[in-house]
Colleague: 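I'd like to ask some things about the structure below.
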Amino acid sequence: MLFKKLFGLFPKTPKTEPITAPTPTEKTGLIKISGFDNPKRKGDIIFVHGLGGDARKTWHPEERDNDDNFWLMWLAKERPDLGIWSFGYNAAPFEWKGATMPLFDRASNLLEYLTINDIGERPIIFITHSMGGLLVKEMLRNAQTFNKKAVIEKTKGIVFLSTPHTGAHLANLVTNIGIFTRKTISVDELKSHIPQLRQLNEWYRQNVDAMAITTKVYYETKPILTILVVDPDSANPGIKDVQPTATDDDHISITKPKSPDNLVYKGVSRFIKEQLSIIPKQAENNLQNISSFYIERPEIEYNCFQSILQPGALIRIKAPRKMGKTHLISRIFDHYKKQGYRTVSINLWSQENLTNLNNFLQSFCTVLSLELGLEKQIDQYWSPRLSSQSNCTNYLKKYILPAIETPLVLGF
């Protein structure tokens, strides 16, 4: 009963009857809900369901696919100036429920759907549930890898609804019922704390500020038949200044507001309004990721550009919050990318790393390697006979810099 409640995993036929393959769903791809054909729309809102979900049923309080009384349509009536979409994809938890594909492949699939539907010409906000949140993060990393700047620059916000950023314990439990059927790769990828999910979440934490994406998090507090599918710790992506919000929902009901007065619906509606209301006009200087609210400081910018020309240069940018530090770094990055330099932005805010120098430097070297598309080689270059500082210096001099063969600009 537990798995039927969560995913609809067991067939309605008696156990003595053979299990037949379900009819393939046609609700896959980027499903048009409302406002998608408005050339003057102010943005695109994209809903992405999770494991075993559906492009419409996931978001409907009664799981209907032929009824418009659900929150995607409430939002459409409230905001006719927006395009509302729902991404449907096969993510069956078991092989007899349908096909699936690895997260990386599905991410490139989503990115292509966005491209062919011209998503990226206007501001984008993603509303995601469970594995759908992991999919959107992987899609953004995919876009960064393949230089798909439009989607990254236009993504202004992501709402995570019970997303297992470090893995869901339920996936471990599902694995144990292999006597019934074979699990799919989608379940394997949701196991608690698997390295790939930790790595993906670390990438998001390190890049979310540079990408100027605002994060909103809601998590469940009610179990389903004694099991809390995604616990509060896993639901928290660990973004600085982002406080996750508890709801009186379980893993399923959190996506199914019953009225426009629901906490999640009202919170998401307000989040969309806030993110779109602060979208500034873009400066006409080809720096599309720099806000027009940014106050230009020609002398300071020129000094930064000249200083970085000196090998080993260090520039310290110090100012209160919201004064433009991130935008200044972005301008510096943009300037030197045009000169053929490699640029990497790293967020050092991690309380556990800051308590131990060796962990801190190893984490720094690992993240730097991943951002440059290199395999981490910590074990090969980290000697117990040397200090942490010496090991870090050797790692950069003997491994990182020879591997990239171009000047490197780091932003911390």
Side-chain angles (χ1 to χ4, degrees), residues 28-32 36 41-48 83 85-89 101-128 131-160 163 196 199-215 237 275-276 279 282-283 285-291 326-327 329-331 333-347 367 370-374 404 406 409 411:
T28 58
L30 209 53
I31 308 302
K32 300 174 180 178
F36 51 84
R41 65 185 186 273
K42 294 183 178 180
D44 291 298
I45 313 301
I46 302 173
F47 287 75
V48 184
W85 312 71
S86 182
F87 182 65
Y89 62 103
M101 66 172 67
L103 196 63
F104 176 84
D105 295 333
R106 181 59 70 188
S108 63
N109 177 260
L110 170 57
L111 185 57
E112 181 65 12
Y113 270 110
L114 297 177
T115 301
I116 63 177
N117 284 278
D118 297 322
I119 304 296
E121 295 182 357
R122 304 167 184 82
I124 309 169
I125 294 177
F126 290 96
I127 315 299
T128 70
M131 193 177 77
L134 307 180
L135 173 57
V136 169
K137 290 196 297 185
E138 186 65 52
M139 180 277 296
L140 290 171
R141 184 163 67 170
N142 189 301
Q144 184 188 76
T145 300
F146 294 98
N147 203 30
K148 302 284 188 177
K149 294 183 178 180
V151 171
I152 294 177
E153 292 174 357
K154 293 299 184 180
T155 298
K156 303 305 176 183
I158 303 177
V159 177
F160 294 110
T163 293
Q196 293 91 327
Q199 184 183 94
L200 176 62
N201 194 50
E202 186 64 25
W203 172 86
Y204 185 74
R205 289 172 58 185
Q206 298 291 346
N207 288 271
V208 66
D209 284 345
M211 294 187 296
I213 296 175
T214 304
T215 303
Q275 300 317 305
L276 296 184
I279 300 299
Q282 300 299 317
N285 58 0
N286 294 325
L287 298 179
Q288 296 183 2
N289 60 330
I290 305 301
S291 167
T326 300
H327 288 317
I329 291 176
S330 297
R331 284 179 102 86
F333 275 12
D334 188 84
H335 178 82
Y336 280 98
K337 283 178 182 178
K338 294 176 181 177
Q339 312 302 319
Y341 285 38
R342 297 294 296 273
T343 63
V344 174
S345 176
I346 296 180
N347 185 348
V367 173
L370 295 174
E371 290 298 317
L372 291 171
L374 304 173
I404 62 176
T406 58
V409 180

Colleague: Any non-hydrogen side-chain atom of Ile125 less than 4.5 Å from a side-chain atom of Leu276?
Modeller: yes
Colleague: Is there side-chain contact between Asn207 and Glu371, with heavy atoms separated by less than 4.5 Å?
Modeller: yes
Colleague: Can you tell if the side chain of Arg106 reaches within under 4.5 Å of the side chain of Met131, non-hydrogen atoms only?
Modeller: no
Colleague: Nearest 0.5 Å, please: how far is CD in Glu153 from CE in Met211?
Modeller: 11.5 Å
Colleague: Quick check: closest heavy atoms across Lys42 and Pro123, and the distance to 0.1 Å?
Modeller: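 What the structure gives for the nearest pair is O-CD, 3.3 Å.
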Colleague: Ser108 and Asn142: which non-hydrogen atoms are nearest, and at how many Å?
Modeller: CB-ND2, 3.6 Å
Colleague: Indicate yes or no: at least one non-hydrogen side-chain atom of Met139 is less than 4.5 angstrom from one of Tyr113.
Modeller: no
Colleague: Please round to the nearest 0.5 Å and tell me the distance separating atom CG of Leu370 and atom CG of Leu200.
Modeller: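 With rounding to 0.5 Å, CG (Leu370) is 11.5 Å from CG (Leu200).
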Colleague: Could you check Leu114, Ile119, Ile45 and say which one makes a side-chain contact (heavy atoms from CB on, under 4.5 Å) with Trp85?
Modeller: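 The passing option is Ile119.
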Colleague: Any heavy-atom pair between the side chains of Ile158 and Thr128 that's under 4.5 Å?
Modeller: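 Yes, side chains in contact.
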Colleague: With side-chain contact (heavy atoms from CB on, under 4.5 Å) as the criterion, how do Leu134 and Glu138 come out once you've worked through the C-alpha distance, each side chain's angles and the decisive distance to 0.1 Å?
Modeller: CA-CA 6 Å; Leu134 307 180; Glu138 186 65 52; over 6 Å; no
Colleague: How long is the gap from NZ on Lys154 to CZ on Arg122, to the nearest 0.5 Å?
Modeller: 9.5 Å
Colleague: Assess whether side-chain contact (heavy atoms from CB on, under 4.5 Å) is satisfied between Leu135 and Phe87, documenting all intermediate values.
Modeller: CA-CA 11 Å; Leu135 173 57; Phe87 182 65; 4.0 Å; yes
Colleague: Taking the side chain as every heavy atom from C-beta outward, state whether Arg205 and Asn201 have any pair of such atoms under 4.5 Å apart.
Modeller: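 Yes, at least one pair of side-chain atoms sits under 4.5 Å.
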Colleague: Give, for atom CD1 of Ile124 and atom CD of Gln275, the distance between the pair rounded to the nearest 0.5 Å.
Modeller: 13.5 Å
Colleague: If you measure from CD1 on Ile46 to CD1 on Ile31, what distance do you get to the nearest 0.5 Å?
Modeller: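 So the CD1 of Ile46 and the CD1 of Ile31 are separated by 12.0 Å.
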Colleague: Any side-chain heavy-atom pair from Tyr204 and Thr215 closer than 4.5 angstrom?
Modeller: yes
Colleague: Should Trp203 and Leu140 count as side-chain neighbours, where that means a heavy-atom distance under 4.5 Å?
Modeller: yes
Colleague: Do Ser86 side-chain atoms and Val48 backbone N/O form a donor-acceptor pair below 3.5 Å?
Modeller: no
Colleague: Rounded to the nearest 0.5 Å, what separates atom CZ in Phe126 from atom NZ in Lys137?
Modeller: 14.0 Å
